[in-house]
Amino acid sequence: VLRECQARDNPGVVVLVGPSGSGKNDIARELLAQTDSFEKLVGYTTDPSAASRESGWYRCVSEEEFRSMADSGQLFETTTYACHSYGSRKSDVEKILAQGKNVITVMDICGAMALKTQFQNVITIYVKRDEKSLITAILNKNCTIDDKANRLLAVSAESRNARVCDYTVKYENAAQAVKVIRNHLGE
């Protein structure tokens, strides 16, 4: 269990998992605003719109640079979504942990499981949201109709990921969800 008072001695990783529109990024931002014991893991993507849309959660790189990072083993997880590549660097996680901070990140279930194979003290939290709010959030996203359709189609399959996560938190608002998460973490 991650505890704020133990962060310097035994920092860990919290991964928020859930379908698009579930509120993962809102929760992560709220957690970062409430405590300085966490630092966000910035991922890499070939999608320039994701890099700008998610304000600071991704660095945009070219396809060639992404392939080079993946081929050289710098990325511990990669995925493709809507024809764009996404991934995270092991050295970025190690750097945050070495500073005595906990890592907060948002990933798909494959990335979360890859983190569990690479690091100790990884907690996965599935973010659940009521269907109407979830669909509304997806429809309100600043992305193409095809992207919205793909996100809507993935909701059912992604909801099954709750079974393999350590915890589930219901998203009603970010502050409420962070309160539940911090309680799970023993803060």
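Computed from a predicted model, the values in this text were never measured in an experiment.
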query = Is there a side-chain contact between Ile109 and Cys165, using heavy atoms and a 4.5 Å cut-off?
reply = yes
ask   = Salt-bridged, Asp166 to Lys116, with N to O below 4.0 Å?
value = yes
message = Is a donor from one side chain sitting under 3.5 angstrom from an acceptor on the other, for Tyr86 and Asp108?
response = no
key: side chain to side chain contact (heavy atoms under 4.5 Å, CB included) assessment of Thr46 paired with Glu65   = CA-CA 9 Å; Thr46 59; Glu65 187 176 358; over 6 Å; no
message = Run Lys95 and Asp92 through salt bridge (charged side-chain N to carboxylate O under 4.0 Å, His left out) and show every step you take.
response = CA-CA 5 Å; Lys95 180 179 175 185; Asp92 292 342; over 6 Å; no
ask   = Looking only at side chains, do Asp147 and Thr144 share a donor and an acceptor under 3.5 Å apart?
value = no
inquiry  = Using modelled atom types and a 3.5 Å cut-off, is there a donor and acceptor pairing between side-chain atoms of Lys24 and backbone atoms of Thr105?
reply    = no
key: Heavy-atom pair with the smallest gap, counting every atom of Pro19 and Val127   = CD-O, 4.0 Å
remark   = In short, Gly111 meets Glu77 closest at the heavy-atom pair CA-OE1, 3.7 Å
request  = Give the cluster check for Tyr171 versus Val178: same hydrophobic cluster or not, with ILVMFWY residues linked at side-chain heavy-atom distances below 4.5 Å.
outcome  = yes
query = Got more than 12 heavy atoms from elsewhere within 6.0 Å of CD, Glu131?
reply = no
query = Which value, rounded to the nearest 0.5 Å, describes the distance between Ile181 atom CD1 and Ile27 atom CD1?
reply = 5.0 Å
ask   = Are there more than 12 heavy atoms of other residues, nucleotides or ligands under 6.0 Å from atom NZ of Lys170?
value = yes
inquiry  = Would Leu139 and Leu152 count as a side chain to side chain contact (heavy atoms under 4.5 Å, CB included) here? Give the steps.
reply    = CA-CA 9 Å; Leu139 292 175; Leu152 289 167; 4.0 Å; yes
key: Cluster link Phe119 to Tyr44, ILVMFWY, side chain under 4.5 Å   = no
Spatial distance of atom CD1 (Ile123) from atom NE2 (His184) [nearest 0.5 Å] = 9.5 Å
